[in-house]
Amino acid sequence: MAGVSGGIHFTLATFVGVVVFLIVWIGLFEFAHVLIALMRGDRLIGWAIGPFGVTTMFLHQPSSAYILMNALIPCLVSGSVVYLSFFTNLPPPFYVPRTLLYKIVLVTFGVLFTS
């Protein structure tokens, strides 16, 4: 019976780890969007938090540099969080082999998922 409770405890700990990872990952990604919007310095009409993220509305059309930063910086944050979560000495949410192929696929999927 001790093996059964150990397996259930491991599954519950893994589930909690995945939930915490998802909350931190999406939270930091959205925080990067908000930070870039606040750094813009233009007149902010309003902003909204919806099921698909944070939306900001400005008085004028955004510049090309702002659009580029709004795309690249959150992608870098997302890729960094995924890489640090799975391929460093931190305990990963679930086990993934540490080969180059898995690193490329997982980080690419993470960036594409949040973008």
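Heavy-atom basis, side chains included; hydrogens, waters and symmetry copies ignored.
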Kindly give the heavy-atom pair with the smallest separation between [X] and [Y], and that separation in Å.
| X | Y | result |
| --- | --- | --- |
| K103 | R98 | CE-O, 3.9 Å |
| F29 | S78 | CD1-CB, 4.0 Å |
| G110 | V82 | CA-CG2, 4.2 Å |
| I36 | P74 | CD1-CD, 3.8 Å |
| N70 | H33 | OD1-ND1, 2.7 Å |

Kindly work out whether a path of hydrophobic side-chain contacts (I/L/V/M/F/W/Y, heavy atoms less than 4.5 Å apart) joins [X] to [Y].
| X | Y | answer |
| --- | --- | --- |
| F113 | F31 | no |
| V18 | W25 | yes |
| L100 | F109 | no |
| I26 | V20 | yes |
| V111 | V105 | no |

* Under a 4.5 Å cut-off applied to non-hydrogen side-chain atoms, are V107 and F86 in contact? -> no
* Within-4.5 Å side-chain heavy-atom neighbours: L106 and Y83 -> no
* **Distance flag, aromatic centroids of F87 and Y102, threshold under 6.0 Å** => no
* Interatomic spacing from CG in N89 to CG in L84 - rounded to 0.5 Å -> 11.0 Å
